[in-house]
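Everything numeric here is computed off the predicted structure, so don't read it as measured data.
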Amino acid sequence: MERPGPIVGSDELLESVWGFRPGTATAAVVRVHVGNLRRKMAALGAPRLPETLTHREYRLLQEEGS
């Protein structure tokens, strides 16, 4: 949420956001969390939802005009 635009890999999210040590979790953990986040943000009418680029890369879309 703090860095809209850049592509972020699952490994970076696992380590930076959830505090997993390298190699201790899988991309499936991120997919579940991103899915939950999308549902919650959509319910709130959030204009920017996480975009899945591959099963291991994500990007938060920038607001229009940014």
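- Annotation: ring-ring contact (aromatic ring centres under 6.0 Å, His included) contacts involving residues 33-54, sequence neighbours excluded, comprise W18-H33.
- Annotation: side chain to side chain contact (heavy atoms under 4.5 Å, CB included) contacts of A28 (sequence neighbours excluded): T26, R31.
- For residues 36-45, every residue pair satisfying the side-chain hydrogen bond (donor to acceptor under 3.5 Å, both in side chains) rule, not counting sequence neighbours, is listed here: N36-R39, R38-T52.
- In this structure, E15 has no side chain to side chain donor-acceptor pair (under 3.5 Å) partners at least two apart in sequence or on a different chain.
- Every residue meeting the side chain to side chain contact (heavy atoms under 4.5 Å, CB included) condition with T24, not counting sequence neighbours, appears here in chain and number order: F20, R21.
- Contact of the V8 side chain with the E57 side chain is not registered, since no non-hydrogen atoms from C-beta on lie closer than 4.5 Å.
- One finds the OH atom of Y58 at 13.0 Å from the CD1 atom of I7 (value rounded to the nearest 0.5 Å).
- The two residues M41 and P50 have their closest heavy-atom pair at SD-CD, 3.9 Å.
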